[in-house]
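Quick note: numbers below take in every heavy atom, side chains included, and nothing from hydrogens, waters or symmetry partners. Please read these numbers as outputs of a predicted model, since none were measured by experiment.
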2 protein chains.
Amino acid sequence: MYNVTHRGDTMSTIKDVAKLAHVSVATVSRVINQKGYVNIETRQLVLDAIEKLNYVPNELARSLFQKKSRIIAVMLPHLTAYYFAELLEYIETYTIDQNYRLMVCNSQDDPEKESKYLRIFDQYNIDGIILISNTHRIDDYKKLGIPIVEIDHKLGEDIPSIQSNNYQGGKLAANKLVSIGCRKIIHLRGPSDLVIVRERSNGFNSVLKENNIINFSYDLDFRAPSPTDIANVVKSNPDCDGIFCDSDYIAILAIQALKSSGRRIPEDVSVIGFDDIEIASVLTPKLTTISQPRKLISEYAVNALIKLINKEKLDPFHRNVDVKLIERDTTK
Amino acid sequence: MYNVTHRGDTMSTIKDVAKLAHVSVATVSRVINQKGYVNIETRQLVLDAIEKLNYVPNELARSLFQKKSRIIAVMLPHLTAYYFAELLEYIETYTIDQNYRLMVCNSQDDPEKESKYLRIFDQYNIDGIILISNTHRIDDYKKLGIPIVEIDHKLGEDIPSIQSNNYQGGKLAANKLVSIGCRKIIHLRGPSDLVIVRERSNGFNSVLKENNIINFSYDLDFRAPSPTDIANVVKSNPDCDGIFCDSDYIAILAIQALKSSGRRIPEDVSVIGFDDIEIASVLTPKLTTISQPRKLISEYAVNALIKLINKEKLDPFHRNVDVKLIERDTTK
DNA sequence: TTTATTTATGTAAATAGTTACATAAACACT
DNA sequence: AGTGTTTATGTAACTATTTACATAAATAAA
């Protein structure tokens with residue numbers, strides 16, 4: 001009989017409850033989990049004891065035995081971009097609503113950091129992962145044997161995913177620009193090694209090709225698109241009359257560049273963004289953009305993941321959700 | 001001897017390592033934790049076994065015994081505001097750097113949800129809390145007996161805190177506006193029941209009073225400041241020549257309103273924001289603003305919390321950090 | 001009345017680690 | 001040689017829970 005100095009000697013355990021209710025810990029456990037037979041009067045005694053001691057079961061001990069932690073991990077490339085921040089906000093909400101907790105894992109697109117987190121998932125018996133990752137280490141994830149739902153990517157057939165219909169997004173933007181008479185069109189896109197970017201490009205270009213319009217694409221970094229690069233593109237294309245940007249942030253930079261080149265929006269040039277971030281509807285001119293259903297994506301991801309955790313079948317294993325063109329003041 | 005069907009029967013335990021290395025689990029534990037005596041050759045045997053089995057210690061079992069989880073919780077009012085998103089990004093970085101994990105708790109200013117999380121903290125043996133909360137349930141937090149560091153608030157003397165020097169921020173803004181000749185000044189502030197808002201107000205007003213300038217304040221919601229309210233304020237004060245806003249987002253709305261009222265910035269009206277969000281330096285006109293040292297605040301909060309967890313003394317128990325006026329194009 | 005089933009509860013093993021204590025060998029110092 | 005310290009390792013108790021199994025009473029069926 002020895003003693004280690006611990007904090008929180010105030011916290012009561014299932015033993016304390018058992019003692020106070022004059023029953024065994026097994027009975028208390030049965031009451032808590034509503035499993036097995038418990039006499040209705042005994043049940044009340046236990047509930048009273050729980051109430052009196054302000055007892056909450058220790059989730060760690062439970063997790064250890066059950067090999068489940070009721071913790072979901074969400075891996076994101078970063079947190080400050082509005083798109084990700086809003087996804088996270090929704091994901092947290094749905095997660096806690098379903099009585100799970102959320103561990104944030106900010107990969108910062110750093111494979112090193114992502115690997116570090118992969119080990120942690122095992123160490124904590126993480127129940128499931130919501131994955132938004134640009135590094136393609138899908139095998140490492142599979143090896144974990146933990147349910148995964150991917151957002152924005154579809155790296156394999158056997159891992160369920162949800163993503164915006166980026167091809168459709170590209171088409172919507174191109175159709176709009178073409179329909180309002182744009183003929184010299186630029187696509188300021190994200191890094192073209194990302195599937196989502198290529199899909200947008202494909203959709204966009206398919207429409208332009210149909211209309212015999214040549215498209216110029218410029219790759220930019222999503223996290224820190226270079227304002228000077230954008231300004232240069234704008235300056236060296238003085239006859240450009242339509243720009244499709246892969247993010248609203250890029251669109252805002254493009255608009256700045258156009259303005260300082262003396263070009264009017266939308267009279268001279270129409271601009272379409274992507275994402276529909278909060279500020280887009282508030283700036284002058286208000287930004288026309290392709291809106292992704294972030295709420296729907298988050299909700300689906302969390303629910304699908306919990307289904308997987310509960311070993312339920314997932315009906316559409318991969319989902320492609322419609323995007324929407326929000327017309328505001330940067331298109332004629 | 002019975003068996004419950006579990007997932008991950010592939011994962012090896014300390015027993016497997018012990019068996020493979022032909023030692024006891026205690027010796028393996030000593031090697032892992034670098035505690036107590038272990039022969040250098042035995043040590044190598046154990047390390048080889050760990051390597052071979054790809055063993056990672058289960059953090060839950062460890063946590064259960066030690067009553068520590070190496071999990072830090074961060075409670076925020078919401079996640080989509082740039083200021084909070086960036087704090088979270090930094091906090092996550094410093095947390096994982098110090099070998100802790102992060103649980104995000106998005107209170108959404110909902111006391112109900114915050115209470116729900118409070119129970120969870122006990123259930124998971126959360127080691128510490130970084131707290132940004134507008135609901136004043138400090139007693140509930142104290143009862144937990146878990147180390148806490150507060151950001152942006154100082155609800156009690158006995159809970160360490162860090163916050164921007166909001167009083168100084170208010171003064172800096174007022175001094176700037178006064179020095180460039182503004183005489184009819186409006187303060188578009190946050191909800192004045194928040195201490196940070198009152199402190200900014202106090203600093204701001206102290207300077208105005210010195211200069212015999214009357215100040216008009218309008219309270220706005222931080223999360224969803226009403227554009228029409230702002231437009232009304234602007235319209236009903238056609239002689240206003242300076243506006244101090246409690247957030248950059250409010251400033252952007254104010255600028256839109258001023259523009260559509262035909263007022264030029266900064267020629268007719270100077271505008272100063274607060275926060276220095278990413279987009280502020282990129283818009284036209286580029287926003288003059290008060291910048292809070294978010295990186296420093298996050299770093300300090302995490303380090304201070306870990307000191308508390310390790311029962312080290314905290315030297316300045318409360319910290320007030322300097323803010324900075326970033327002059328750009330919305331002030332003369 | 002005897003047997004089978006349902007209800008109720010307790011005992012103890014199990015989860016995966018850490019560590020106090022026991023034990024013993026190796027080493028140093030009288 | 002005898003004693004004390006350092007080094008090395010193992011045994012088993014301990015963390016807070018769940019649950020398989022044992023046991024027994026109550027109830028139902030034969």
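- Atom CZ of A:Arg70 and atom P of D:dT18 are 13 Å apart (whole Å).
- A heavy atom lying under 4.0 Å from DNA chain D marks the following residues of residues 33-49 of chain A, by number: A:Asn33, A:Lys35.
- Between the CZ atom of B:Arg62 and the P atom of C:dT15 there is a distance of 19 Å, rounded to whole Å.
- What separates CZ of A:Arg30 from C1' of D:dT19 is a distance of 8 Å, to the nearest Å.
- Taking side-chain N and O atoms only, A:Thr13 has no distance below 4.0 Å to OP1 or OP2 of D:dT15.
- Rounded to a whole Å, the CG atom of B:Asp122 is 11 Å from the P atom of D:dT17.
- Enclosure of atom NZ in A:Lys142 by more than 12 non-hydrogen atoms of other residues, nucleotides or ligands within 6.0 angstrom is indicated.
- With sequence neighbours excluded, the residues that form a salt bridge (Lys or Arg N to Asp or Glu O under 4.0 Å) with A:Lys113 are B:Glu92.
- Side-chain N/O atoms of B:Lys67 include one lying less than 4.0 angstrom from OP1 or OP2 on D:dA16.
- One side chain, B:Asn33 or B:Ser29, offers a donor N or O that lies under 3.5 Å from an acceptor on the other.
- For the pair B:Glu59 CD and C:dA16 C1', the computed distance is 11 Å after rounding to whole Å.
- Nearer the 5' end of DNA chain C, as judged by each residue's closest nucleotide, is the contact made by A:His22, out of B:Val56 and A:His22.
- Taking every side-chain heavy atom of B:Val23 into account, D:dG10 is the closest of C:dT18, D:dG10, D:dT17.
- Considering only residues two or more places apart in sequence or on other chains, B:Glu114 meets the salt bridge (Lys or Arg N to Asp or Glu O under 4.0 Å) condition with none of them.
- Residues meeting the side chain to side chain donor-acceptor pair (under 3.5 Å) test with A:Glu59, sequence neighbours left out: none.
- In this structure, B:Glu150 and B:Tyr141 have side chains that are not in contact, with every pair of non-hydrogen atoms separated by 4.5 Å or more.
- Checking the phosphate oxygens (OP1, OP2) of C:dG17, a side-chain nitrogen or oxygen of B:Tyr55 falls inside 4.0 Å.
- Rounded to whole Å, atom C1' of C:dA12 lies 12 Å from atom NZ of A:Lys15.
- Across C:dG10, D:dT19, D:dT15, the shortest atom-to-atom separation from the side chain of A:Phe65 is found for D:dT19.
- Side-chain N/O atoms of B:Gln66 include one lying less than 4.0 angstrom from OP1 or OP2 on C:dT19.
- A cation-pi contact links A:Arg319 to A:Tyr300, judged by a cut-off of 6.0 Å to the six-membered ring centre and 45° from its axis.
- Within 6.0 Å of atom CD in A:Glu41, 12 or fewer heavy atoms from other residues, nucleotides or ligands are found, so the atom counts as exposed in its surroundings.
- B:Leu64 places its CG atom 12 Å from the P atom of D:dT18, with the value rounded to the nearest Å.
- Remark: A:Thr95 OG1 to A:Leu305 CG distance equals 8.0 Å, nearest 0.5 Å.
- Between B:Thr27 and D:dT9 there is no side-chain N or O to OP1 or OP2 distance below 4.0 Å.
- Axis orientation changes by 50° from one end of the helix from C:dT1-D:dA30 to C:dT30-D:dA1 to the other, with each end axis drawn from 5 pairs and the value rounded to 10°.
- Under the ring-ring contact (aromatic ring centres under 6.0 Å, His included) criterion, B:His78 pairs with B:Phe84, sequence neighbours left out.
- Between A:Leu60 atom CG and C:dA14 atom P there is a gap of 22 Å when expressed in whole angstrom units.
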